[in-house]
Visitor: 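Let me give you the structure first, and then I'll get to my questions.
Since this is a predicted model, take the numbers as computed values, not measurements. Note that these values count all heavy atoms, side chains included, but never hydrogens, waters or copies made by symmetry.
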Amino acid sequence: MAELVTIARPYAEAVFRMALENRALAAWSERLSLLSAIASNEQMRACIGNPELSAAQKSALFKSLAGKVLEGGEANLIDVLASNERLAALPEIAGLFEGLRAAQEGVKEATIYSAFPLDEQQRKTLVSDLEARFKTRLTAEVVVDQSLIGGVKIVVGDQVLDTSVLGKIESLRLALKN
């Protein structure tokens, strides 16, 4: 997996620079999402790995599956990836591109672990409060973890904010131990 990410990084950075210059980050995000979905398909992965198919055949197949007329940049990307036998790296390219885009736009990912499901209003309020606390825009994923007993545990990058009952019990246990 790490090898595929290493292979994907220069492609993602090149596409990101091109998208940034053309002010087309959102459009390229959609394009890469589509191409990533195609590359992730089980049957397509078998075709990508088939040594009997030429790079031109793989590229043509990939383009036909895109289901629309591809713009020059997309078609060139597919051709380059096919000729270098890197089509399998498209999901990683898309993921790295999204990370670069988020960094450019000042958006960080947050994971909110909650003991109970949050309704939409609770989620919006919590995200708003977290954005004020972390002084950045956040995209949040909510994960229900009943082992927390109550409260929430929030992870933003390498920062953890644990206000869960389990976290407080653990803090109390450590304090009593010392």
Visitor: Please test Asp79 against Lys63 for side-chain contact (heavy atoms from CB on, under 4.5 Å), starting from the C-alpha separation and ending with a verdict.
Guide: CA-CA 9 Å; Asp79 290 339; Lys63 289 175 187 176; 2.8 Å; yes
Visitor: Heavy-atom distance under 4.5 Å between the side chains of Lys58 and Leu87, does that happen here?
Guide: yes
Visitor: Show the numbers, then the answer: is there a side-chain contact (heavy atoms from CB on, under 4.5 Å) between Asp162 and Tyr113?
Guide: CA-CA 9 Å; Asp162 191 351; Tyr113 298 94; over 6 Å; no
Visitor: Of all the heavy-atom pairs spanning Ala89 and Leu4, show the shortest one and how long it is.
Guide: CB-CD1, 3.9 Å
Visitor: How about Glu30: does its CD atom have over 12 heavy atoms from other parts shown lying under 6.0 Å from it?
Guide: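 Result for CD/Glu30: open.
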Visitor: Which value, rounded to the nearest 0.5 Å, describes the distance between Leu53 atom CG and Ser59 atom OG?
Guide: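 Separation between the atoms: 12.0 Å.
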Visitor: Roughly how far, to the nearest 0.5 Å, is the CD1 atom of Ile48 from the CD atom of Gln43?
Guide: 12.0 Å
Visitor: Taking Ser128 for its side chain and Lys124 for its backbone only, find out whether a donor-acceptor pair lies under 3.5 Å.
Guide: no
Visitor: I'd like to know whether Leu25 forms a side-chain contact (heavy atoms from CB on, under 4.5 Å) with Gln104, so could you lay out the CA-CA distance, the side-chain angles of the two residues, the decisive distance to 0.1 Å, and finally the verdict.
Guide: CA-CA 10 Å; Leu25 290 175; Gln104 174 69 27; 4.2 Å; yes
Visitor: Consider only side-chain heavy atoms of I, L, V, M, F, W and Y, link residues closer than 4.5 Å, and tell whether Val143 and Leu166 are in one cluster.
Guide: yes
Visitor: Which heavy atom of Pro91 sits nearest a heavy atom of Ser36, and at what distance?
Guide: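 Where Pro91 meets Ser36 most closely, the heavy atoms are CA-OG, 3.2 Å.
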Visitor: Could you point out which residue of Gln122, Gln121, Arg123 forms a side-chain hydrogen bond (donor to acceptor under 3.5 Å, both in side chains) with Thr125?
Guide: Gln121
Visitor: How long is the span from the CG atom in Leu77 to the CG atom in Leu32, to the nearest 0.5 Å?
Guide: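 One gets 6.5 Å once the value is rounded to the nearest 0.5 Å.
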Visitor: Under a 4.5 Å cut-off applied to non-hydrogen side-chain atoms, are Leu174 and Glu170 in contact?
Guide: yes
Visitor: Does Glu131 reach the side chain of Arg137, with side-chain heavy atoms less than 4.5 Å apart?
Guide: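 Yes, side chains in contact.
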Visitor: Does a donor on one side chain sit under 3.5 Å from an acceptor on the other, for Ser40 and Arg45?
Guide: no
Visitor: Measure the CZ-CZ distance between Arg9 and Phe16 for me, rounded to the nearest 0.5 Å.
Guide: 14.0 Å
Visitor: Going hydrophobic residue to hydrophobic residue with side-chain gaps under 4.5 angstrom, can you get from Val15 over to Leu20?
Guide: yes
Visitor: Would Lys153 and Ile112 count as a side-chain contact (heavy atoms from CB on, under 4.5 Å) if you check the C-alpha gap in whole Å, the side-chain angles of each, and the deciding distance to 0.1 Å?
Guide: CA-CA 6 Å; Lys153 177 179 172 183; Ile112 301 170; over 6 Å; no
Visitor: Would you call Trp28 and Met18 a side-chain contact if the rule is heavy atoms closer than 4.5 Å?
Guide: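 Heavy-atom side-chain distance check passes, below 4.5 Å.
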Visitor: Measure the shortest side-chain to side-chain distance between Leu81 and Leu35 over non-hydrogen atoms and say whether it is less than 4.5 angstrom.
Guide: no
Visitor: Answer yes or no: does atom CZ of Arg173 have more than 12 heavy-atom neighbours from other residues, nucleotides or ligands under 6.0 Å?
Guide: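 Yes, the 6.0 Å shell around CZ holds more than 12 heavy atoms from other groups.
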Visitor: Is Leu126 linked to Val107 within one hydrophobic cluster, defined over Ile, Leu, Val, Met, Phe, Trp and Tyr using a side-chain heavy-atom separation of less than 4.5 Å?
Guide: no
Visitor: Please tell me if the side chains of Met44 and Phe62 come closer than 4.5 Å, counting only heavy atoms from C-beta onward.
Guide: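 With C-beta onward as the side chain, the pair touches.
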Visitor: Might you point out which heavy atoms bring Glu52 and Gln57 nearest each other, and give the distance in Å?
Guide: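 Reported closest heavy-atom pair: O-OE1, 4.0 Å.
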Visitor: What closest approach, in Å, do Phe116 and Gly150 show between heavy atoms, and which atom pair accounts for it?
Guide: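 Where Phe116 meets Gly150 most closely, the heavy atoms are CE1-CA, 4.3 Å.
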Visitor: Could you pull out the closest heavy-atom pair between Ala12 and Ile93, with the gap in Å?
Guide: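 Result for this residue pair: CB-O, 3.6 Å.
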Visitor: Hey, does Arg101 have a side-chain heavy atom less than 4.5 Å from the side chain of Ser29?
Guide: yes
Visitor: Side-chain contact test, heavy atoms from C-beta onward, threshold under 4.5 Å: evaluate it for Tyr11 versus Arg86 and give yes or no.
Guide: yes
Visitor: Say you draw a straight line from CD of Glu105 to OG1 of Thr136; how long is it, rounded to the nearest 0.5 Å?
Guide: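 OG1 of Thr136 is found 11.0 Å from CD of Glu105.
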Visitor: Check Ser164 against Leu148 and note the closest heavy-atom contact, atom names and distance.
Guide: OG-CD2, 3.7 Å
Visitor: Working to the nearest 0.5 angstrom, can you tell me the gap between Gln159 CD and Arg133 CZ?
Guide: 8.5 Å
Visitor: When Ile154 is tested against each of Leu161, Thr111, Val160, Leu138 for side-chain contact (heavy atoms from CB on, under 4.5 Å), which residue passes?
Guide: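 The passing option is Leu161.
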